Number of protein chains: 2
Amino acid sequence: MLETFAALAEPNRLRIVELLRDGPKSVGDIGETLTLNQPQVSKHLRVLKDAGLVDVESRAQQRLYALRGAQLRAIDRWLDGYRALWDARMEQLGDLLAELGENDPPKTTSKSAKPKRPSKPKKRAR
Amino acid sequence: MLETFAALAEPNRLRIVELLRDGPKSVGDIGETLTLNQPQVSKHLRVLKDAGLVDVESRAQQRLYALRGAQLRAIDRWLDGYRALWDARMEQLGDLLAELGENDPPKTTSKSAKPKRPSKPKKRAR
DNA sequence: CGGGTATATGTCTAGCGCGGCATATACAGG
DNA sequence: CCTGTATATGCCGCGCTAGACATATACCCG
C-alpha cells in the first residue's frame, strides 16, 4: 500500500503508469513519448516493478513493460474502508456541514445541527 | 491526484488518515495514539489539509481534524480507468497477450489481437 | 565474433522532506 | 492580565531520491 502510493507519487512515474494503461510499451517508446532520458525511464520502471505495478517481458533486446492490476486493485480494496465517506448518506452530511460553515460560523463548541433544507439527494456514489 | 498520492505516500500520514477513518480527532489525540511529537503531527496534518484530504474545525483551543472524502473519491475515479485490468474479461486478455507475446513477438506498436483460446471467465471484479 | 541496438547500472550532485527542537500564536480561566 | 494548555511555525541537519552523464550488459545480425 505504502510502497504503491510512493511509486505513484512521482510525476513521471504516474505518467508512465497512465501511458501503460493503453497497453505494454518498450522502454524506448516510453522515453520518447514522455521525453525522458532512457536511464531515468529504466529507473522509474524499476521502482514500479519493485512495487508490483508493472511486469516485464523480454522481447529480443527490448523489454516490454505492462501494467499489472494487482496493486491498483489493492488500492481499490483499501478505499473500500472509506467509501462511506462519499456514499449518498454521507454526502448529505457533507453538504449540511458545508452550509453550516458558510452561513453560521460555528462556535467552537459545535452543537447538534438542525436540518433546514431537505437537501436534494445526489445521483449516485461510485 | 499526484498531490494526493504524495500525501498518502508518507507512513505516518497514512496512519493518520487511517486513524481518522473512525472519526475526527484532535492533534493531541493523534500524536498520542501514534506516538508522534506534536509539531510533527501538525505538519503532517498541514500536508493532508493542503492535499484536501482532511478538514479542520476549531473547538476552543484544539483543532479537530476530519477526513474528507473528496480526494479519496478522486482516487477511486482515477482507478476507473484501470478497473479493466482486473476485471474478468481483461484477465483473459492478459493471458492472451502473454501467449501471443511468447509465440509471436508483437511490434511495440501493437495491432489488434485475434482471440484464440476461449479462456474461462473469472468470478468477479471489485 | 565484431558492431550496432536496447536497456540496465553506477556515480555524482542538487534539492526536497522528515524529524527534532525551540518558539510563536491562540484561547480559556482565574 | 497572567498562566496554562493546545496547536502552529521556524530553523536546522540529514537521509533519500530524481536527474544527468558515463558505462556496463544483453541481444541480434552479418
Side-chain angles (χ1 to χ4, degrees), chain A residues 2-20 24-51 53-66 105-111, chain B residues 2-20 24-51 53-67 101-110:
Chain A
L2 242 172
E3 194 180 7
T4 307
F5 283 141
L8 296 174
E10 211 284 327
N12 289 322
R13 233 134 50 198
L14 187 59
R15 289 172 68 202
I16 292 178
V17 166
E18 287 170 340
L19 183 64
L20 290 182
K25 292 252 185 191
S26 75
V27 177
D29 280 4
I30 296 173
E32 190 180 352
T33 305
L34 303 184
T35 334
L36 297 172
N37 318 24
Q38 175 267 316
Q40 231 36 24
V41 177
S42 286
K43 286 178 190 173
H44 282 311
L45 286 170
R46 176 89 130 95
V47 176
L48 291 173
K49 187 182 141 221
D50 288 349
L53 278 164
V54 300
D55 213 4
V56 211
E57 189 183 343
S58 300
R59 151 130 35 243
Q61 51 219 287
Q62 42 183 354
R63 313 284 161 94
L64 293 190
Y65 283 84
K107 291 261 62 89
T108 69
T109 52
S110 67
K111 298 148 170 47
Chain B
L2 241 171
E3 195 180 6
T4 307
F5 283 140
L8 296 174
E10 211 283 327
N12 289 322
R13 233 133 51 196
L14 187 59
R15 290 172 67 203
I16 292 179
V17 167
E18 287 169 343
L19 182 64
L20 290 183
K25 293 250 185 192
S26 74
V27 178
D29 280 3
I30 296 173
E32 190 181 351
T33 305
L34 304 184
T35 334
L36 297 172
N37 319 21
Q38 175 267 316
Q40 225 46 24
V41 177
S42 285
K43 287 178 192 174
H44 283 310
L45 286 170
R46 175 88 128 96
V47 176
L48 291 173
K49 185 181 143 226
D50 287 349
L53 278 164
V54 300
D55 214 4
V56 212
E57 189 184 344
S58 301
R59 145 129 54 208
Q61 53 220 287
Q62 43 183 355
R63 311 286 161 95
L64 293 191
Y65 282 84
L67 205 49
E102 288 161 12
N103 312 344
D104 170 62
K107 291 256 64 78
T108 70
T109 53
S110 66

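The model shown is predicted, which means the values in this text are computed figures rather than measured ones. By convention in this document, chain letters (A, B, ...) are assigned in the order of the sequence lines, proteins followed by strands, and residues within each chain are numbered from 1.
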Student: Can you check side chain to side chain contact (heavy atoms under 4.5 Å, CB included) on A/Gln38 and A/Val27, steps first, answer last?
Tutor: CA-CA 7 Å; A/Gln38 175 267 316; A/Val27 177; 4.3 Å; yes
Student: Would you kindly compare B/Val56 and A/Val47 by the position of their nearest DNA chain D nucleotide and give the one closer to the 5′ end?
Tutor: B/Val56
Student: With a 4.0 Å cut-off on heavy atoms, is A/Ser58 in touch with a base, just the backbone sugar-phosphate, or nothing at all?
Tutor: nothing
Student: Side chain to side chain contact (heavy atoms under 4.5 Å, CB included) between A/Arg63 and A/Tyr65: does it pass, once the steps are laid out?
Tutor: CA-CA 6 Å; A/Arg63 313 284 161 94; A/Tyr65 283 84; 3.8 Å; yes
Student: How close do B/Leu2 and A/Glu10 get, counting heavy atoms only, and between which atoms?
Tutor: CD2-C, 4.0 Å
Student: Using heavy atoms to find the nearest nucleotide of DNA chain D for B/Arg63 and A/Asn12 separately, return the residue whose nucleotide is more 5′.
Tutor: B/Arg63
Student: I'd like to know whether A/Lys25 forms a side chain to side chain contact (heavy atoms under 4.5 Å, CB included) with A/Leu19, so could you lay out the CA-CA distance, the side-chain angles of the two residues, the decisive distance to 0.1 Å, and finally the verdict.
Tutor: CA-CA 8 Å; A/Lys25 292 252 185 191; A/Leu19 183 64; 4.2 Å; yes
Student: What integer distance in Å separates B/Glu10:CD from C/dC16:C1'?
Tutor: 13 Å
Student: Kindly indicate whether the side chain of A/Asn37, heavy atoms from C-beta on, has any atom under 4.5 Å from the side chain of A/Val41.
Tutor: no
Student: Please identify the 5'-most and 3'-most nucleotides of DNA chain D with any atom under 4.0 angstrom from a heavy atom of chain A.
Tutor: D/dA18 to D/dC28
Student: Step by step, work out the side chain to side chain contact (heavy atoms under 4.5 Å, CB included) result for A/Arg13 and A/Val47.
Tutor: CA-CA 9 Å; A/Arg13 233 134 50 198; A/Val47 176; 3.8 Å; yes
Student: Whole-Å distance between C/dG4 P and A/Gln61 CD?
Tutor: 13 Å
Student: Give me the atom names and distance for the closest heavy-atom approach of B/Ala7 to B/Leu48.
Tutor: CB-CD2, 4.1 Å
Student: Looking at side-chain heavy atoms only, is the closest gap between B/Gln62 and B/Asp29 below 4.5 Å?
Tutor: no
Student: Mind running a 4.0 Å heavy-atom check of residues 30-46 of chain A against DNA chain C and sending the residues that fall below it, in number order?
Tutor: A/Gln38, A/Pro39, A/Ser42, A/Lys43, A/Arg46
